Amino acid sequence: MSRETYVTEALGDVYQRVKTARVLMVGAGGIGCELLKNLVLTGYGEVHLVDLDTIDLSNLNRQFLFGHEHIKKSKALVAKDTASKFNPHVKLVAHHANIKDPQFSVAWFKSFDLVFNALDNLDARRYVNRMCLTAEVPLIESGTTGFNGQVQVIVKGKTECYDCNPKEVPKTFPVCTIRTTPSQPIHCIVWAKSYLFSNIFGIDEDESPDLDNSVNADNASEIDNLKRENTELKHIKDAFGTSEFPRLVFEKVFKVDIDRLLSMEDAWKHRKAPVPILHDELQLVADAEVKKSAAKVASDDQPVWSLAEDFVVFKDSVERLSARLLELLKNTPEGSARPVLSFDKDDDETLDFVVAAANLRSQVFGIERKSKFEIKQMAGNIIPAIATTNAIIAGVCVLQSFKILNNDLAHAKAVFLSRQPERIFSTESLQRPNPDCAVCSVARCGIDVDVDRLTLGNFVEQVLRGELGYSDEVSIVTNKLLYDLEFDDNSTKTFKELDVGDGTFVTIIDEEEPEGSTPRVNLEFLVYAKESTGDVDSSYKLTHIPEIPRKSMRKRTEVAQEGVVEAVPFSNGNGSVLAGQKRKAEDDELVEVRSTDAKKSKVQIGDEDVIVLDDDEAIEID
Amino acid sequence: MTEEKLISAEEIALYDRQIRLWGIAAQARMRAANVLLVNTGALSNEVAKNIVLAGIGSLTVLDGQTVSPLDLGGQFLLEESDIGSNKAEASAARLQKLNPRTVVSADASNFKEKTAEYYANFDITVATELEVDDLISINDMCRQNSKPFYAGASIGLYGYIFADLIKHTFSIEREKSNISVKLGPESASRSIIDVIVKKEGPKLKEIVTKQETYKPLSASLQSDNLSKLRPRSLMKISPVLPAIKAMWNFHKDTGSQKPTNETDLADFHHLVVGACRDFGLPVGIVSPGFTASFARNIGTELSPIAAILGGVLAQDILNYLGQREQPIQNWVIFDGDSSAAPIYSL
């Protein structure tokens with residue numbers, strides 16, 4: 001009779017594989033805490049966990065391995081300490097680090113029998129997906145949003161990978177909606193956060209990556225207006241830190257700019273015209289009605305503040321933020337970069353500014369004002385997260401891991417938690433890889449490179465043309481374009497000069513389309529940087545000569561129709577969790593049915609200028 | 001509304017990510033709740049963890065047994081140093097650390113000594129891993145006090161949840177659909193009693209209030225509701241349902257917990273087939289292979305299965321308290337081999 005008795009009886013032979021398995025868990029947040037508990041209790045031989053995050057108060061309602069005393073400490077290290085008590089026989093290794101660090105090489109990934117993703121963002125999910133495909137290690141991918149969640153099993157060449165289905169793009173808004181014609185609270189929130197805040201306390205708009213103000217014939221006069229607004233704002237910034245500053249900003253954005261908008265009469269023929277707010281009038285109301293201090297008003301995040309309260313908080317937060325920025329400036333040594341403030345939903349001063357400014361603007365445009373609590377969620381892309389959903393999804397991850405360890409992929413499932421009156425889960429058999437997937441349906445090859453010696457020109461000439469038989473018509477990309485037929489400026493540069501180092505993926509896209517055939521699939525090189533030896537012949541070495549098949553002739557849209565039946569009824573906060581669509585046949589065999597995201601692709605940015613709600617701040621989808 | 005006022009700013013910060021899901025009124029109702037867990041095991045560990053983290057008012061763990069090495073395989077609230085101590089006391093101490101705001105107490109007495117007066121103290125009673133007669137008795141005592149009752153077990157790779165919420169009113173908030181909602185019965189157990197439409201920004205929202213009426217466990221086990229299904233649907237009913245009934249019957253008949261030899265196994269298979277007939281199910285849904293697998297799992301517990309069932313059960317408790325979302329009506333049957341978790345109304 002021991003702790004192993006029950007698991008041996010229930011799992012039978014699979015338990016022997018569990019006991020000797022070496023697994024990696026990426027992410028020690030909501031799903032991670034639950035998953036680690038299950039892995040440790042079930043008796044997995046060795047578990048490595050990686051997380052770069054630290055513990056926050058708002059984690060404690062679900063990340064049960066952490067307590068109050070652990071706030072600000074490493075999630076990975078604390079999770080390891082707490083979970084090791086559940087079963088001292090399991091070997092636990094914690095890494096407080098970014099999974100994208102070069103120390104976590106392909107070889108290191110290869111050393112695991114299985115990888116679990118318990119992540120909260122699209123970027124890291126995609127990265128681990130790609131590393132697992134390269135290392136040929138099975139991956140169990142999972143995500144939750146509120147009451148809903150899902151688990152996906154990914155095995156290279158056998159099942160769909162994370163990127164076989166396009167993911168929802170981050171929500172974007174045309175610049176004119178944000179700057180000229182807002183109609184919803186979110187438009188005013190984005191304006192307050194991405195435009196007004198960064199213009200006053202952050203980098204100048206011209207440098208802001210969020211905004212694209214490219215001029216075309218249609219919007220030329222509008223862009224002109226916006227430019228004038230900016231110039232005026234810069235002028236006002238001369239008064240920065242003076243007692244007049246909050247009033248000047250207020251009058252500029254809620255009166256002067258609005259008057260200018262009103263002068264574009266055409267714009268308001270079929271639309272409700274904005275109504276400017278007069279500073280001195282509102283000041284009188286505030287003096288008469290607001291008995292609380294601004295700090296006291298701002299501390300109450302549940303009710304929607306009165307207009308006068310918004311006014312008081314706006315002026316107070318401008319004052320406080322200006323003082324903070326001046327303090328930073330004072331302490332910045334000559335010659336170093338000018339300090340800036342950036343919006344952070346957990347930084348109350350910045351949040352108060354955004355709440356008050358957004359609500360004042362809503363008032364101007366006759367839009368409903370919102371509470372601080374609600375605006376925090378919208379401005380910070382907060383995704384609701386609860387313990388139960390994470391516990392359920394983590395449990396499902398472990399059940400799927402039994403199938404993989406038992407080499408029983410045919411009975412592994414994609415599992416969706418989206419409760420209906422008649423069932424808790426919807427399940428699907430795993431789908432075959434999308435033959436046109438740019439991530440998993442590519443040829444792969446490792447290349448040892450003397451990065452100080454190998455030039456891009458030599459690489460094209462010797463590797464691509466010489467060894468692999470490519471024509472001139474290729475493009476070479478990393479996270480940027482390095483080379484194509486019309487762009488050979490980089491030919492004489494070395495890999496090092498091009499910033500292509502250890503662990504970089506270099507993708508070769510075949511642009512040659514021979515008559516009656518198709519281009520070859522993409523070839524993805526993983527670069528291993530080598531010490532310079534001075535030997536001319538050894539500036540590179542391929543790990544093997546890859547087979548590079550041609551792309552399938554089949555058009556994806558033809559098969560697309562078959563599979564798509566119903567959209568999964570999930571609201572997916574940051575687009576990083578769900579494949580987005582579900583196929584009809586529950587429990588079908590491994591059939592080649594493709595779902596597309598034809599509809600979603602249309603959400604893609606058109607020609608209009610857009611503001612991208614930066615995804616960096618999305619918090620919890622783990 | 002007075003309840004809402006009681007939620008402090010500090011609590012809002014701690015419970016931020018869940019208040020955004022179920023609202024502050026539901027959170028206040030959770031905080032006012034007093035829950036009892038009868039018997040500890042891997043499943044009750046999970047239920048307790050989830051409702052304590054969510055911030056229920058108080059939790060009592062009732063268990064007269066002592067910790068054995070077997071418990072350590074699935075119960076994260078216990079450690080090797082607890083072997084030999086009372087299970088309720090050992091796990092209550094660990095639970096308290098998960099949330100200092102919840103009042104956690106241990107009751108080290110035998111549940112069989114408890115009377116209906118005892119169960120009147122709790123807003124919800126959850127009994128796990130018990131034999132059917134004990135479950136029925138506790139359920140009946142809860143009913144005498146008009147208090148809701150949940151039962152559940154994590155049986156190796158399998159498991160179940162049973163709910164008797166007597167009469168429960170709840171609301172569902174959603175975007176208004178094109179089809180107008182009609183008041184009146186919606187299913188054999190559920191009716192729509194109110195609809196409010198309100199404007200939220202550019203969208204119309206509807207709040208639909210429904211009521212579910214439940215049966216006690218004793219009546220539910222006699223139900224032939226499933227036999228009314230079409231043959232196609234009947235064939236898809238999980239064999240785990242009759243196997244659970246057979247598991248209880250096997251214990252009643254033989255006094256032993258699980259089949260240990262070929263003769264036992266054959267007897268057990270007959271009991272599963274018999275249970276199929278009781279429920280009006282085709283016996284074809286049960287294969288000897290399944291019976292053997294289920295029999296092997298009886299009396300064992302696995303952490304991932306307990307986590308799934310405990311997550312589902314705890315969320316139902318929280319939904320009940322919050323008076324939101326469709327509750328379980330009235331059985332969840334779980335098969336961890338296929339990750340299937342159908343809900344049957346019996």
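Owing to the predicted nature of the structure, the values given are computational and were not obtained by experimental measurement. So you know, we letter chains A, B, ... as the sequences are listed, proteins then strands, and number each from 1.
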Where does [X] contact chain A at under 4.5 Å (heavy atoms): side chain, backbone, both or neither?
| X | value |
| --- | --- |
| B/Leu77 | neither |
| B/Pro327 | backbone |
| B/Gln329 | neither |
| B/Ala13 | both |
| B/Phe334 | side chain |
| B/Asn319 | side chain |
| B/Leu302 | side chain |
| B/Val312 | both |

If you measure only the distance, is there a donor-acceptor pair under 3.5 Å linking the side chains of A/Asn38 and B/Ser303?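 A pair is found: one side chain offers a donor N or O, the other an acceptor, under 3.5 Å apart.
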
Is it true that [X] and [Y] have a side-chain N and a carboxylate O under 4.0 angstrom from each other?
| X | Y | result |
| --- | --- | --- |
| B/Lys258 | A/Glu9 | yes |
| A/Glu69 | B/Lys97 | no |
| A/Lys85 | B/Glu80 | no |
| B/Lys199 | A/Glu368 | no |

With respect to chain B, which residue among A/Pro421, A/Gly12, A/Ser299, A/Ala412 yields the maximal number of heavy-atom pairs within a distance under 4.5 Å?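 With the most close heavy-atom pairs to chain B, the winner is A/Pro421.
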
Pick whichever of A/Ala83, A/Ser183, A/Ala10 has the most heavy-atom pairs under 4.5 Å with chain B.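 Top option by heavy-atom pairs under 4.5 Å: A/Ala10.
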
Side-chain donor-acceptor pairs under 3.5 Å in residues 391-403 of chain A, sequence neighbours left out?
{"residue": "A/Gln400", "atom": "OE1", "partner": "A/Lys413", "partner atom": "N", "Å": "2.8"}
{"residue": "A/Gln400", "atom": "NE2", "partner": "B/Ser339", "partner atom": "OG", "Å": "3.3"}
{"residue": "A/Ser401", "atom": "OG", "partner": "A/Tyr44", "partner atom": "OH", "Å": "2.4"}
{"residue": "A/Ser401", "atom": "OG", "partner": "A/Val398", "partner atom": "O", "Å": "2.6"}
{"residue": "A/Lys403", "atom": "NZ", "partner": "B/Asp337", "partner atom": "O", "Å": "3.0"}
{"residue": "A/Lys403", "atom": "NZ", "partner": "B/Asp337", "partner atom": "OD1", "Å": "2.8"}

If you define the side chain from C-beta out and look only at heavy atoms, does anything of B/Glu46 sit under 4.5 Å from A/Glu34? yes

Please enumerate all residues that pass salt bridge (charged side-chain N to carboxylate O under 4.0 Å, His left out) together with A/Asp301, with sequence neighbours excluded. none

For A/Glu4, which atoms come within 4.5 Å of any heavy atom of chain B: side chain, backbone, both, or neither?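 A/Glu4 has no heavy atom closer than 4.5 Å to chain B.
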
Cation-aromatic face contact A/Arg423/B/Tyr344, 6.0 Å, 45 degrees: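 That pair does not qualify as a cation-pi contact.
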
